[in-house]
Amino acid sequence: MASKISSSSPIVFYDIASGPPVRPFAPNPWKTRYALNFKQANFKTEWVDVSDVTSIRKSLGADPVRFFTDGEPFYTLPVIKDTSDGTIVGDSFDIAVYLDKKYPNSPLLFKHSTGLYAAFNAHIDSIFPTGGLLFSAGFPFNPETEAKSKAEFCRRAGVKSWDELNVSGEARRKVVETYEVSLKEVAKCFRFSNGPFIGGAEPDYADIIIGGWCMMLANVVPEWKEIRTWHGGVLGKLHDALESYRGTW
């Protein structure tokens with residue numbers, strides 16, 4: 001990957017922090033991290049504990065982009081702040097659009113109609129969460145705020161206890177098997193490519209959309225080593241091929 005484009009005014013990237021040691025793990029922030037590195041942007045990470053996400057987003061003046069079924073705002077990350085002019089962008093897809101406009105001379109994230117990528121993003125985001133019961137056990141909470149964070153997750157999920165978001169033993173195995181069927185729909189995207197990316201040898205934002213979810217699975221799901229081999233190993237190959245765009249933190 002080429003070196004970052006120099007700037008005296010870096011972009012501040014607000015990402016969800018894992019428990020110590022801090023590492024990125026959430027899928028939508030990973031889409032943004034990949035996009036920032038792909039565009040060779042000058043940025044710095046501001047880590048936000050899960051329990052502080054709502055207050056930080058509100059303090060930045062970033063309007064919510066997701067909502068509960070009752071209309072209540074669902075506050076989440078990523079958010080970026082462009083310190084060169086104070087621009088705030090608070091959605092991973094909108095951030096990618098912004099970066100292509102800000103850095104037109106670096107490789108483009110969107111090589112085709114932006115609307116097609118938006119539809120693709122919504123489609124992929126409807127598939128990967130179907131394995132949600134596999135995510136909870138490996139969620140990297142900060143021990144100091146774990147109880148508070150779990151309570152908030154339960155509230156958002158509409159359940160009474162964290163145990164309701166976990167599954168083990170034979171029941172977990174059934175979820176894994178069902179998830180394999182679900183992810184076959186993602187694997188179809190690679191039918192017309194020799195890989196490792198959807199379009200062949202070079203990535204674009206479609207690959208980053210899937211890559212963000214793969215990073216989530218790699219960080220929190222013990223079965224990732226199995227998942228990455230499903231359907232001809234297309235997810236594992238994509239995940240490995242995006243390594244040069246992960247950067248450091």
Side-chain angles (χ1 to χ4, degrees), residues 16-31 49-51 53 66 68-70 74 76-77 120-191 195-196 198 207-243 246:
I16 301 172
S18 71
V22 172
R23 67 185 190 279
F25 69 93
N28 286 318
W30 255 112
K31 295 176 190 178
D49 188 81
V50 172
S51 63
V53 167
R66 295 171 62 187
F68 293 101
T69 55
D70 63 1
F74 186 113
T76 187
L77 296 177
F120 183 76
N121 187 57
H123 179 56
I124 295 300
D125 281 2
S126 73
I127 298 172
F128 274 96
T130 61
L133 283 175
L134 304 176
F135 304 167
S136 304
F139 204 92
F141 288 111
N142 182 339
E144 294 182 1
T145 58
E146 182 173 356
K148 181 179 178 181
S149 296
K150 284 183 175 180
E152 176 61 14
F153 270 100
C154 290
R155 186 187 74 82
R156 294 185 177 196
V159 299
K160 294 181 179 180
S161 74
W162 184 252
D163 289 342
E164 294 180 60
L165 298 176
N166 285 275
V167 64
S168 60
E170 183 177 342
R172 184 178 182 88
R173 192 63 219 167
K174 289 181 179 179
V175 174
V176 171
E177 292 169 357
T178 300
Y179 201 36
E180 181 177 6
V181 175
S182 297
L183 292 186
K184 185 176 182 179
E185 187 68 21
V186 177
K188 289 179 181 179
C189 300
F190 298 85
R191 286 180 298 169
I198 295 173
D207 301 291
I208 286 173
I209 290 167
I210 295 176
W213 281 103
C214 288
M215 284 302 302
M216 169 77 164
L217 299 183
N219 274 281
V220 308
V221 179
E223 292 87 356
W224 166 245
K225 289 184 178 180
E226 175 186 350
I227 292 170
R228 60 173 285 135
T229 68
W230 290 347
H231 312 302
V234 293
L235 295 182
K237 293 171 186 176
L238 173 73
H239 178 74
D240 293 345
L242 285 173
E243 183 176 2
R246 289 177 200 153

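The first residue in the sequence is number 1, and the count goes up from there. Basis for what follows: all heavy atoms, side chains included, without hydrogens, waters or symmetry-related copies.
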Modelled atom types, side-chain donor and acceptor of Asp163 and Ser161, under 3.5 Å: no

Qualifying residue for side chain to side chain contact (heavy atoms under 4.5 Å, CB included) with Ser149, from Val53, Asn142, Asp49: Asp49

Side-chain atoms of residues 18-25: list all donor-acceptor pairs with protein atoms under 3.5 Å, sequence neighbours left out, distances to 0.1 Å.
unit_1, atom_1, unit_2, atom_2, d
Ser18, OG, Pro21, O, 3.2
Ser18, OG, Arg23, N, 2.9
Ser18, OG, Arg23, O, 3.3
Arg23, NE, Asn219, OD1, 3.1

Rounded distance (nearest 0.5 Å) linking atom CE of Met216 with atom CH2 of Trp224: 12.5 Å

Spacing of Phe139 atom CZ and Glu146 atom CD [to the nearest 0.5 Å]: 10.5 Å

Rounded distance [0.5 Å steps], CG in Leu235 versus CD1 in Ile227: 8.5 Å

Partner residues of Arg155 under the side chain to side chain donor-acceptor pair (under 3.5 Å) criterion, sequence neighbours left out: Glu72, Glu152

Contacts of Glu144 that satisfy side chain to side chain donor-acceptor pair (under 3.5 Å) - sequence neighbours left out: none

Taking every non-hydrogen atom, the tightest pair across Ala26 and Ile16: CB-CD1, 4.1 Å

Side-chain heavy atoms of Phe120 within contact of Ile210, under 4.5 Å: yes

Non-hydrogen side-chain atoms of Lys184 and Trp230 separated by less than 4.5 Å: no

Sequence-distant partners of Lys188, side chain to side chain donor-acceptor pair (under 3.5 Å), two or more places apart: Glu185

Show me the donor-acceptor pairs within less than 3.5 Å that the side chains of residues 125-132 make with the rest of the protein, sequence neighbours left out.
unit_1, atom_1, unit_2, atom_2, d
Asp125, OD1, Lys31, NZ, 2.8
Asp125, OD1, Trp213, NE1, 2.8
Asp125, OD2, Lys31, NZ, 3.1
Ser126, OG, His123, O, 2.6
Thr130, OG1, Ile127, O, 2.6

Atom NZ of Lys150: over 12 foreign heavy atoms under 6.0 Å: yes

Gap between atom CG of Leu183 and atom OG1 of Thr178 - 0.5 Å precision: 11.0 Å

Backbone of Val167 reached by a side-chain donor or acceptor of Arg172 within 3.5 Å: yes

For Ile209, the option from Ile124, Asn28, Ile198 that meets side chain to side chain contact (heavy atoms under 4.5 Å, CB included): Ile124

Flag, side chain of Ser136 to backbone of Leu165, donor-acceptor distance under 3.5 Å: yes

NE2 on His231 to CZ on Phe190, rounded to 0.5 Å: 11.5 Å

Note, Leu217 side chain near Tyr179 side chain (heavy atom, < 4.5 Å): yes

Within 6.0 Å of CD in Glu177, more than 12 heavy atoms from elsewhere: yes

Partners meeting side chain to side chain donor-acceptor pair (under 3.5 Å) with Asn166 (sequence neighbours left out): none

Spatial distance of atom CZ (Phe141) from atom CZ (Phe153) [nearest 0.5 Å]: 5.0 Å

